[in-house]
Amino acid sequence: MTDAAAHVRRTALVLRHDSTIGLGNLGPTLEAHGYDVVTIDAPVTDVAALDPLAADLVVVLGGEEGAYETDRYPYLADELRLLRTRIDAEAPVFGVCLGAQLLAAALGARVYRGERKEVGWLEVTPTAAGERSPVRHFAGVPAVQWHGDTFDLPEGVERLASSDQYANQAFRRGEWLLAVQFHPEVTARIHEDWLTAWGDELPAYGLTSAQLRAERAHLGPRAEAASAALLGDYLDGIESRAEAAA
């Protein structure tokens, strides 16, 4: 971040779908880059009334909803309209898990139920493009996965990472749109909240809460450092883009 950027206040609009799936350790990086964070709980907010282009950045977090369940969750249709408007304007947007799936859908790709949930502390492998992107910070650094849906790669984007189970783990368009299927935001508190909420699923995947707690203790600090580096690089990119356009 440049000295000039440090004195400019920006706004990050965060679309949250569940109180247990929050901004986590992404928050301090946004604040360090001069962003005032405004969090909206999409299920209880009139998303259609939001100005899609008012915020400098939109961050779309995870959730149990499917991006294709717009009849069941009408606010998802409003989010998709908001995202399409930002995409048309090439306005910065960052998506995590469901957020990545919504971005894929907004870009015209199919989002659908995968063959098997991907759960645990798992590695993603950056592609050649990913090695030149913010996602490179997660090379060799396991991250939390907890999702059952996946998506086809949208047209006009770069695939940045894959995992053993799902080919599409991250993508970007230019410097302004970044989407990750894995969870860089997870803190110790979020991790424990998820084990409380969904730990009963773990035996189906050969896992236990005790095992994941041990992995969190060992892997969590590296993952949080990688998260800060990933988001920081992305923010540096959109800030440089904004300065060049000014």
Side-chain angles (χ1 to χ4, degrees), residues 12-32 35 37-45 59-67 73 94-102 113-114 116-124 134-135 137-150 161 163-166 169-170 178-232 234:
L13 174 67
V14 178
L15 299 179
R16 184 171 62 182
H17 305 94
D18 188 309
S19 61
T20 65
I21 309 175
L23 194 60
N25 61 48
L26 300 175
T29 302
L30 285 168
E31 291 165 5
Y35 283 84
V37 176
V38 178
T39 299
I40 297 297
D41 288 306
V44 294
T45 299
V59 179
V60 190
L61 297 175
E64 292 192 90
E65 302 93 329
Y73 305 108
F94 177 62
V96 176
C97 197
L98 172 60
Q101 295 158 14
L102 287 165
R113 181 70 63 183
R116 180 177 172 82
K117 273 193 174 182
E118 190 173 37
V119 180
W121 285 86
L122 303 169
E123 288 192 22
V124 298
V135 174
H137 296 289
F138 272 91
V141 180
V144 172
Q145 299 272 17
W146 208 314
H147 68 101
D149 286 353
T150 189
S163 69
D164 289 342
Q165 191 166 336
Y166 289 106
Q169 286 288 340
L178 180 62
V180 296
Q181 176 61 72
F182 56 94
H183 285 280
E185 80 279 18
V186 173
T187 60
R189 173 61 183 272
I190 289 174
H191 193 265
E192 192 60 32
D193 285 346
W194 292 7
L195 293 181
T196 299
W198 302 296
D200 58 351
E201 299 179 1
L202 296 177
Y205 305 99
L207 299 168
T208 66
S209 292
Q211 178 185 347
L212 289 192
R213 287 190 182 101
E215 291 183 347
R216 158 70 204 176
H218 175 60
L219 299 171
R222 288 179 64 205
E224 289 196 32
S227 170
L230 181 154
L231 184 58
Y234 168 70

Verdict with supporting geometry, L102 and H17, side chain to side chain contact (heavy atoms under 4.5 Å, CB included): CA-CA 12 Å; L102 287 165; H17 305 94; 4.2 Å; yes
Least distance between heavy atoms, [X] atom then [Y] atom:
X    : Y    : answer
N25  : P184 : OD1-O, 3.0 Å
D200 : P203 : O-CD, 3.5 Å
C97  : Q181 : SG-NE2, 3.2 Å
L207 : G120 : CD1-CA, 4.2 Å
D18  : R16  : O-CG, 3.3 Å
G63  : L98  : N-CB, 3.6 Å

Does R189 have any salt bridge (Lys or Arg N to Asp or Glu O under 4.0 Å) partners at least two apart in sequence or in another chain, and if so, which?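 Testing R189 for salt bridge (Lys or Arg N to Asp or Glu O under 4.0 Å), a comparison that skips the adjacent residues, returns D193.
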Partners meeting salt bridge (Lys or Arg N to Asp or Glu O under 4.0 Å) with E224 (sequence neighbours left out):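 Partners of E224 under the salt bridge (Lys or Arg N to Asp or Glu O under 4.0 Å) test: R216.
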Evaluate S163 against Q145 for side-chain hydrogen bond (donor to acceptor under 3.5 Å, both in side chains), listing each step before the verdict. CA-CA 10 Å; S163 69; Q145 299 272 17; 4.9 Å; no
Quick check: does any side chain N or O of [X] sit under 3.5 Å from a backbone N or O of [Y], one acting as donor and the other as acceptor?
X    : Y    : result
T45  : D41  : yes
H147 : D149 : yes
H191 : R213 : no
Q165 : R116 : yes

Please evaluate residues Y234 and V180 with respect to the criterion side chain to side chain contact (heavy atoms under 4.5 Å, CB included), reporting the C-alpha separation (whole Å), side-chain torsions for both, the decisive distance (0.1 Å), and the verdict. CA-CA 12 Å; Y234 168 70; V180 296; over 6 Å; no
Taking atom [atom1] of [X] and atom [atom2] of [Y], what is their separation to the nearest 0.5 Å?
X    : Y    : atom1 : atom2 : result
Y73  : E64  : OH    : CD    : 7.5 Å
L230 : F182 : CG    : CZ    : 6.0 Å
L26  : L61  : CG    : CG    : 7.5 Å
W121 : H183 : CH2   : NE2   : 11.0 Å

Would you call [X] and [Y] a side-chain contact if the rule is heavy atoms closer than 4.5 Å?
X    : Y    : result
L178 : V135 : yes
E201 : W146 : yes
L202 : T208 : no
V144 : W194 : yes

Please enumerate all residues that pass side chain to side chain contact (heavy atoms under 4.5 Å, CB included) together with E123, with sequence neighbours excluded.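 Only P142 meet the side chain to side chain contact (heavy atoms under 4.5 Å, CB included) criterion with E123.
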Test side chain to side chain contact (heavy atoms under 4.5 Å, CB included) applied to L13 and L15, step by step: CA-CA 7 Å; L13 174 67; L15 299 179; 4.3 Å; yes
